[in-house]
Novice: 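Right, I'll just put the structure down here and ask away after.
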Amino acid sequence: GASLRSRRPTLFAPQRSPPMAFLARLLALSAVAAASVSATSFSPEACTDMFATMKKLGGPVPPSEGVAGCTDVCAKVHELKEYWGSGHEMGTFACEQGQNYGCVWPGTPPTTMADIGC
């Protein structure tokens, strides 16, 4: 008969493409780092609020309103979108994640998701 070992379900997570897996790891690491550093906890909502302030002010947010990890996530979103463009699922994935986190990038005026083709 078959041993118990051969009937055990595998505990491996579904395979992801390398960029998607990297972004997932970056999100997880940013959340852990932000929880220990920032007065405001890292979350999509907190990032959206921070970037809304950046857009409203037209530049950097005051240190008291910064959320650690948000700029790292959005930097990866921008990188993925720039690399994959609009015709690939990874470009679409980058836009979805950027929308979830309300990504805005420093500039005069700040660069928005629409500015990068999302």
Side-chain angles (χ1 to χ4, degrees):
S3 71
L4 288 176
R5 177 174 270 173
S6 65
R7 288 188 281 167
R8 267 196 244 164
T10 60
L11 300 177
F12 297 106
Q15 293 296 318
R16 293 186 175 125
S17 66
M20 195 178 297
F22 179 79
L23 183 59
R25 283 192 299 266
L26 179 63
L27 291 172
L29 290 173
S30 295
V32 170
S36 63
V37 174
S38 178
T40 302
S41 295
F42 176 85
S43 70
E45 296 79 18
C47 292
T48 298
D49 290 346
M50 182 188 84
F51 289 125
T53 300
M54 178 187 286
K55 187 175 177 184
K56 180 177 71 177
L57 295 176
V61 297
S64 63
E65 295 183 39
V67 180
C70 295
T71 55
D72 296 331
V73 169
C74 291
K76 182 48 77 176
V77 164
H78 194 278
E79 180 184 320
L80 286 172
K81 179 64 177 166
E82 191 172 84
Y83 180 83
W84 291 105
S86 297
H88 191 276
E89 69 178 316
M90 287 306 298
T92 302
F93 175 77
C95 288
E96 290 167 357
Q97 294 306 306
Q99 295 294 344
N100 289 342
Y101 288 86
C103 293
V104 173
W105 296 271
T108 307
T111 303
T112 66
M113 293 295 297
D115 295 329
I116 67 165
C118 292

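Because the structure is predicted, anything quoted here is derived from the model rather than measured.
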Novice: To the nearest 0.5 Å, what is the distance between CG (L80) and CZ (F93)?
Specialist: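 L80 atom CG to F93 atom CZ measures 7.5 Å (nearest 0.5 Å).
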Novice: How long is the span from the NZ atom in K81 to the SG atom in C74, to the nearest 0.5 Å?
Specialist: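 Going from NZ on K81 over to SG on C74, the span is 14.5 Å.
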Novice: Would I116 and T111 satisfy side chain to side chain contact (heavy atoms under 4.5 Å, CB included), going step by step from the backbone distance to the final call?
Specialist: CA-CA 8 Å; I116 67 165; T111 303; 4.0 Å; yes
Novice: Assess whether side chain to side chain contact (heavy atoms under 4.5 Å, CB included) is satisfied between T112 and K55, documenting all intermediate values.
Specialist: CA-CA 8 Å; T112 66; K55 187 175 177 184; 3.8 Å; yes
Novice: What pair of heavy atoms forms the shortest contact from V77 to A94, and how long is it?
Specialist: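 That would be CG1-O, 3.3 Å.
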Novice: Let me check something: do Y83 and M90 share a hydrophobic cluster, defined by ILVMFWY side-chain heavy atoms less than 4.5 Å apart, either directly or through other members?
Specialist: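 Same hydrophobic cluster.
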Novice: What heavy-atom pair brings N100 and P44 nearest, and what distance separates the two atoms?
Specialist: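 For N100 versus P44, the nearest heavy atoms are O-CB, 3.3 Å.
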Novice: Taking all heavy atoms of G117 and all of C95, pick out the closest pair and write down the distance.
Specialist: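 Scanning both residues completely, I find the closest heavy atoms to be O-SG, 4.3 Å.
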Novice: Check the pair F42, C70 against side chain to side chain contact (heavy atoms under 4.5 Å, CB included), reporting the backbone distance first and the verdict last.
Specialist: CA-CA 7 Å; F42 176 85; C70 295; 4.1 Å; yes
Novice: Give, for atom OH of Y101 and atom CD of E45, the distance between the pair rounded to the nearest 0.5 Å.
Specialist: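 So the gap between those two atoms works out to 8.5 Å.
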Novice: Quick one: CH2 on W105 to CE on M113, what's the gap to the nearest 0.5 Å?
Specialist: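 Result: 4.5 Å between the selected atoms.
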Novice: Taking SG to SG, are C103 and C47 separated by less than 2.5 Å?
Specialist: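 Taking the criterion (SG atoms under 2.5 Å apart), C47 and C103 fail it, so no.
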Novice: Would a distance-only check, ignoring hydrogens and angles, find a side-chain to backbone donor-acceptor pair under 3.5 Å from T53 to D49?
Specialist: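 Present.
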Novice: Minimum heavy-atom separation for G102 and T48, please, with both atom names.
Specialist: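 Smallest interatomic distance, heavy atoms only, reads N-OG1, 3.5 Å.
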Novice: Tell me, with the steps shown, if M50 and E65 meet side chain to side chain contact (heavy atoms under 4.5 Å, CB included).
Specialist: CA-CA 6 Å; M50 182 188 84; E65 295 183 39; 5.6 Å; no
